[in-house]
Student: 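One structure, as structure tokens, below. Some questions next.
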Amino acid sequence: QAQEDLMFSFTTRNPETTPAFMDNYWHIQHLRGTGDSAVIRSTHAHQGWSMNSQLANVQIDLVGDLLAAGSNSDIEISFTPVTAADTLQIEARLPVEFDFASSTAP
């Protein structure tokens with residue numbers, strides 16, 4: 001019916017990385033009829049969204065000898081990046097006294 005909103009939803013899986021700019025569009029066609037006799041009544045393209053890449057195989061382990069509260073110890077963080085990057089940011093949100101000031105990376 002003309003002038004009525006059509007709404008539907010579906011489940012999909014986002015790609016691991018954002019597609020190239022020209023490929024990152026959703027395309028929709030409104031057709032009358034089916035198969036080879038279908039007639040395009042209207043079309044639209046809508047720009048897709050950026051993907052925030054995920055980290056795979058994330059593991060965080062306390063590997064130092066000092067385990068007591070208030071002591072300095074060693075944490076080992078490992079992961080597999082899904083896409084290339086040039087910066088790593090690690091933030092401990094709680095407790096607020098958590099301090100990475102003397103941290104080093106191999």
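Numbers here simply count residues along the sequence, with the first being 1.
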Student: Between OG of S42 and CZ of R32, what distance do you get to the nearest 0.5 Å?
Tutor: 10.5 Å
Student: Please list, chain by chain and in numerical order, all residues satisfying side chain to side chain donor-acceptor pair (under 3.5 Å) with D65, sequence neighbours excluded.
Tutor: none
Student: So how far is it from H44 NE2 to H30 NE2, rounded to the nearest 0.5 Å?
Tutor: 14.5 Å
Student: Among residues at least two apart in sequence or on other chains, which ones pass side chain to side chain contact (heavy atoms under 4.5 Å, CB included) with T43?
Tutor: Q29, I40
Student: Is there a path of hydrophobic side-chain contacts, each under 4.5 Å between heavy atoms, that joins L88 and V58?
Tutor: yes
Student: Would you check if the side chain of S73 reaches a backbone N or O of L66 as a donor-acceptor pair within less than 3.5 Å?
Tutor: yes
Student: Closest approach of P81 and L55, non-hydrogen atoms and distance?
Tutor: CA-CD2, 4.1 Å
Student: If you take all heavy atoms of I75 and I60, which pair is closest and at what distance?
Tutor: CG2-CG2, 3.7 Å
Student: Which pairs pass ring pair (Phe, Tyr, Trp, His ring centres under 6.0 Å) with one or both residues in residues 47-93, sequence neighbours excluded?
Tutor: W26-W49
Student: Please check if atom CD in Q89 has more than 12 non-hydrogen atoms from other residues, nucleotides or ligands closer than 6.0 Å.
Tutor: no
Student: Counting only heavy atoms from other residues, nucleotides and ligands, does the tally under 6.0 Å from NE2 of H46 exceed 12?
Tutor: no
Student: Does atom CD1 of I28 have more than 12 heavy-atom neighbours, drawn from other residues, nucleotides or ligands, at distances under 6.0 Å?
Tutor: no
Student: Would you find more than 12 non-hydrogen atoms of other residues, nucleotides or ligands less than 6.0 Å from N72 atom CG?
Tutor: no
Student: Can you name the nearest heavy-atom pair linking L31 to R41, along with the distance?
Tutor: C-CG, 4.1 Å
Student: Describe, in one word, how the ring planes of F21 and Y25 are oriented to each other, choosing from parallel (under 30°), tilted (30 to 60°) and perpendicular (over 60°).
Tutor: perpendicular
